[in-house]
Structures are given as structure tokens and as C-alpha cells.
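First up is the structure itself, then whatever we jot down about it.
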Number of protein chains: 2
Amino acid sequence: MTEKLNATFFYILEKSIKSYRQMAQRTISDEFGSITVDQLLVLQTMKDQPELTQQQIAVAVFKDFASITRIIDLLVRKGYLKRSDHPTDRRRFALTLTSEGEDLLIQVRPRILKNRRIALEGVEEEEMAIARKVLARIVENCSK
Amino acid sequence: MTEKLNATFFYILEKSIKSYRQMAQRTISDEFGSITVDQLLVLQTMKDQPELTQQQIAVAVFKDFASITRIIDLLVRKGYLKRSDHPTDRRRFALTLTSEGEDLLIQVRPRILKNRRIALEGVEEEEMAIARKVLARIVENCSK
DNA sequence: GTCATAATATTGATATATCAAATAATGATT
DNA sequence: AATCATTATTTGATATATCAATATTATGAC
């Protein structure tokens with residue numbers, strides 16, 4: 001019977017993250033049009049830690065190197081990021097947010113905070129702490 | 001500060017499901033070669049509930065209709081599923097597992113159970129129950 | 001300083017996610 | 001029976017995930 005409990009646990013885990021992502025994307029699209037949550041996540045990370053390499057960004061947002069390359073391409077094409085030569089390492093680019101990128105993040109932020117509050121409404125702090133602990137343990141167990 | 005806790009919660013939620021999926025896919029690929037976890041999930045669902053329409057399968061495994069179409073295509077191409085005419089509804093196909101498909105599921109099952117045990121090692125039943133409750137609440141909150 | 005190796009990023013191929021549009025068949029209405 | 005709305009599925013377009021291969025630059029051993 002533990003097996004069944006385990007199965008339903010991973011089912012609800014998948015379902016919860018997908019539900020959240022769908023809700024988040026829907027509300028963002030409604031307010032801001034053609035931008036994805038992943039693109040915003042990468043943009044925010046580049047603003048917060050401008051010194052990171054693309055590979056470090058990938059690790060930070062838990063994405064693949066190749067995905068980061070493509071997401072950055074889209075952000076440049078959309079005018080939220082600017083590529084220029086890197087001063088000391090010619091393998092890299094210097095990537096800086098444009099003023100449009102900065103503005104976008106400022107405007108989107110309240111929506112993101114709201115989405116998290118909506119998703120966690122009615123969840124007690126202690127429950128959340130336990131859930132966090134369980135999830136962290138899963139990460140640990142799966143990374144060995 | 002609640003904001004920060006919320007942010008890290010969704011971070012660890014993303015990270016845990018990705019860690020689990022990566023571990024699961026890696027072990028499956030090592031043992032069984034070119035088959036994805038998603039393909040196995042759909043195949044198992046069709047075995048367990050053969051009467052379901054593709055749309056009902058999509059709901060059951062929490063995937064898009066279009067994804068189900070493409071996953072089924074791959075399963076047919078790989079010889080695990082057989083398409084034939086549906087007896088009463090010509091919009092649909094009758095989809096049945098081949099003996100290769102049946103065999104595959106039987107062989108894969110222990111590995112799937114093992115993966116779940118690995119991922120949940122050291123997690124107490126009560127903690128898991130609370131985590132499940134939190135995740136279910138998130139699903140509820142995001143589906144309104 | 002040269003060379004092997006490592007680091008950084010890109011590209012290609014395939015699978016999946018999502019939305020919208022298209023096809024085709026069914027069921028209900030008149 | 002012809003029409004119309006609904007249902008079931010597929011297809012197209014774009015974004016992301018993953019793995020493998022490639023290109024370019026940097027660095028360390030010698």
C-alpha cells in the first residue's frame with residue numbers, strides 16, 4: 001500500500017507544479033502578452049546577478065545550457081536584453097538589460113508575488129516548512 | 001519575508017520534480033534504451049483503462065491533447081501499440097497494446113517502483129501526508 | 001611559446017507543452 | 001433528411017528539455 005501512496009504522491013507533485021505554471025503563464029499572458037514565465041525567470045536572474053555566465057544562470061534556474069542560449073536569443077530579439085562583447089573573455093558575451101527589460105521586470109513583479117500568494121492561500125507556515133523539507137529530501141535522494 | 005519563503009518554496013518544488021524526472025529517465029534509459037517516462041506513463045494508462053478516449057487519457061496523465069497524439073504516434077512507430085478502426089466511432093481509433101508493449105510494462109515496473117522508493121527514502125509517512133495536502137491545496141487554488 | 005585540455009557557448013535532432021486552427025464524424029434540432 | 005453544434009483527433013507554430021556534436025577561446029603543463 002506504500003506503493004500506491006508513493007504513486008499518488010508523484011502524481012500530485014506533477015499536477016501541482018503544472019497547475020501553478022499554467023495559472024502563472026495565463027495571468028502573465030493576460031497582462032503582458034507574449035512573454036513566458038521562463039523568459040522572465042532568466043531575465044530576473046540576469047538582473048539580480050549580472051556577473052553570472054550563461055552556464056551559471058542555467059544552474060541557478062535549473063535549466064539546460066542549450067535552453068538558456070535559446071531563451072537569451074528570444075530576450076534579445078524582443079528587445080529586453082542587449083548583447084555586446086565581453087571585455088575580458090571572448091568566448092562570452094556581455095549581456096545587459098535594456099530599459100524595456102528593466103521596466104518589464106518592475107511591472108511584472110507584483111503579478112508574480114500575487115500568483116504565489118494565490119497558489120499558497122490557506123497553507124499554514126508549518127505545513128509549508130514540512131513540504132519544503134520533503135521536497136529537499138527528494139532532490140537530495142535523486143542527485144546521488 | 002513570507003515572500004522569500006514563498007519564492008524558495010516554488011523553487012524547490014520545480015527542482016524536486018525535475019530532479020526526480022531526470023533520475024527516473026536516466027535509470028530507464030540505462031536499462032531500456034530509447035523510451036521516455038512520458039511514453040511509459042501513457043502506455044500504462046492505456047493498459048489500465050483501455051476504454052478511455054485520447055482526451056480522457058490526456059486528463060488522466062495531466063497532458064495536452066496534442067501531446068497525447070504525438071506520444072501515441074511514437075508508441076505505434078516503436079511497435080508497442082497497435083492502431084485499428086474503432087468499432088462504433090470513426091473519429092477514433094481502437095488502440096491496443098502489442099505483446100511487446102505488454103512485456104515492456106512488466107519489465108519496467110520494478111524499476112519505476114524502485115525509483116519512487118529511492119526518491120522518498122528517509123521521508124516519514126506523516127511528512128509525506130502533509131506535503132500531499134499542501135500540493136493538493138495548490139492544485140485547488142490554481143484551478144479556480 | 002606550444003600543445004593538450006578545459007571552459008563557454010551554439011547548433012542540431014528529437015520529445016514534450018501549449019495554443020490555435022483544421023478535419024472529420026457524431027448527435028440533436030428542425 | 002439537411003443543418004448545426006459538439007466531440008475526437010490531428011496538425012502547425014513556437015517554446016522548452018535533453019543529449020550529442022561542434023566551434024571558439026582560455027588556461028596550464030611543459
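Below, read A as the first sequence line, B as the second, and so on, with proteins coming before strands; counting in each chain starts at 1.
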>> I need the CD-C1' distance between B:Gln22 and C:dA15, as an integer number of Å.
In response: 15 Å
> Is there a side-chain contact between A:Thr27 and A:Lys114 (heavy atoms, below 4.5 Å)?
Replying inline: no
> To the nearest angstrom, how far is B:Arg70 atom CZ from C:dC19 atom C1'?
Replying inline: 11 Å
>> Regarding B:Ile68, tell me which of base, sugar-phosphate or nothing describes its non-hydrogen contacts under 4.0 Å with the strands shown.
In response: nothing
>> Do B:Thr98 and B:Glu100 pair up side chain to side chain, a donor and an acceptor below 3.5 Å, judged on atom types alone?
In response: yes
> Touch check for B:Ser29, heavy atoms < 4.0 angstrom, all strands: base, sugar-phosphate only, or nothing?
Replying inline: nothing
>> With a 4.0 Å cutoff (strictly under), does any side-chain N or O of B:Gln54 reach OP1 or OP2 of D:dT10?
In response: yes
> So, B:Gln44 and B:Asp48: side-chain donor and acceptor under 3.5 Å apart, yes or no?
Replying inline: yes
> Roughly how many Å is it from CD1 in B:Ile17 to C1' in C:dT16, rounded to a whole number?
Replying inline: 15 Å
> Reckon B:Arg83 touches a base, only the sugar-phosphate, or nothing at all at heavy-atom distances under 4.0 Å?
Replying inline: sugar-phosphate
>> Rounded to whole Å, how long is the line connecting atom CD of B:Gln56 with atom C1' of D:dT9?
In response: 13 Å
> Can a donor-acceptor pair under 3.5 Å be found between the side-chain atoms of B:Arg77 and the base atoms of C:dT14?
Replying inline: no
>> I want to confirm an ordering. Mapping B:Asp38 and A:Gln25 to their closest nucleotides on DNA chain C, which one lands closer to the 5' end?
In response: B:Asp38
>> Pick the closest DNA chain D nucleotide for B:Arg26 and for A:Thr36 by heavy atoms, then say which residue is nearer the 5' end.
In response: A:Thr36
> Which nucleotide in the list D:dT18, C:dT18, D:dA17 gets nearest to the side chain of B:Lys18?
Replying inline: D:dA17
>> Given the structure, check if the side chain of B:Arg92 and the base of D:dT10 hold any donor-acceptor pair shorter than 3.5 Å.
In response: no
>> Other residues, nucleotides and ligands only: do more than 12 of their heavy atoms fall within 6.0 Å of NZ on A:Lys133?
In response: no
>> Expressed as a whole number of angstroms, how long is the span from A:Ile57:CD1 to C:dA9:P?
In response: 8 Å
>> Whole angstroms only, please: what is the CD-P distance between B:Gln55 and C:dC19?
In response: 15 Å
> Considering only D:dT10, C:dA15, D:dT16, which nucleotide approaches the side chain of B:Leu74 most closely?
Replying inline: C:dA15
> Are the side chains of B:Arg111 and B:Ile28 in touch, meaning some heavy atoms are under 4.5 Å apart?
Replying inline: yes
> If you pin A:Ile72 and A:Arg21 to their nearest nucleotides in DNA chain C, which one's is more 5'?
Replying inline: A:Ile72
> Tell me: CG of B:Asp64 to P of D:dA8, nearest whole Å?
Replying inline: 15 Å
> Between atom CE in A:Met23 and atom P in C:dA17, what is the gap in whole Å?
Replying inline: 20 Å
> Which of these nucleotides, C:dA9, D:dT10, D:dA13, is closest to any side-chain atom of B:Thr69?
Replying inline: D:dT10
> At under 4.0 Å between heavy atoms, what does A:Ser34 touch on the DNA or RNA strands: base, sugar-phosphate, or nothing?
Replying inline: nothing
>> Quick check on DNA chain D: between A:Lys63 and B:Ala66, whose nearest nucleotide comes earlier from the 5' end?
In response: B:Ala66
>> Heavy atoms from C-beta onward define the side chain here; which of D:dA15, D:dG12, D:dT18 lies closest to that of A:Gln39?
In response: D:dA15
> How would you label the contact of A:Ser67 with the nucleic acid (heavy atoms, under 4.0 Å): base, sugar-phosphate, or nothing?
Replying inline: base
> Among the nucleotides D:dA17, C:dT8, C:dT10, which one has an atom lying closest to any side-chain atom of A:Thr53?
Replying inline: C:dT8
> In terms of side-chain heavy atoms of B:Phe93, which of C:dT10, D:dT9, C:dT16 is nearest?
Replying inline: D:dT9
> Between the side chain of B:Ser29 and the main-chain N/O of B:Gln25, is any donor-acceptor distance below 3.5 Å?
Replying inline: yes
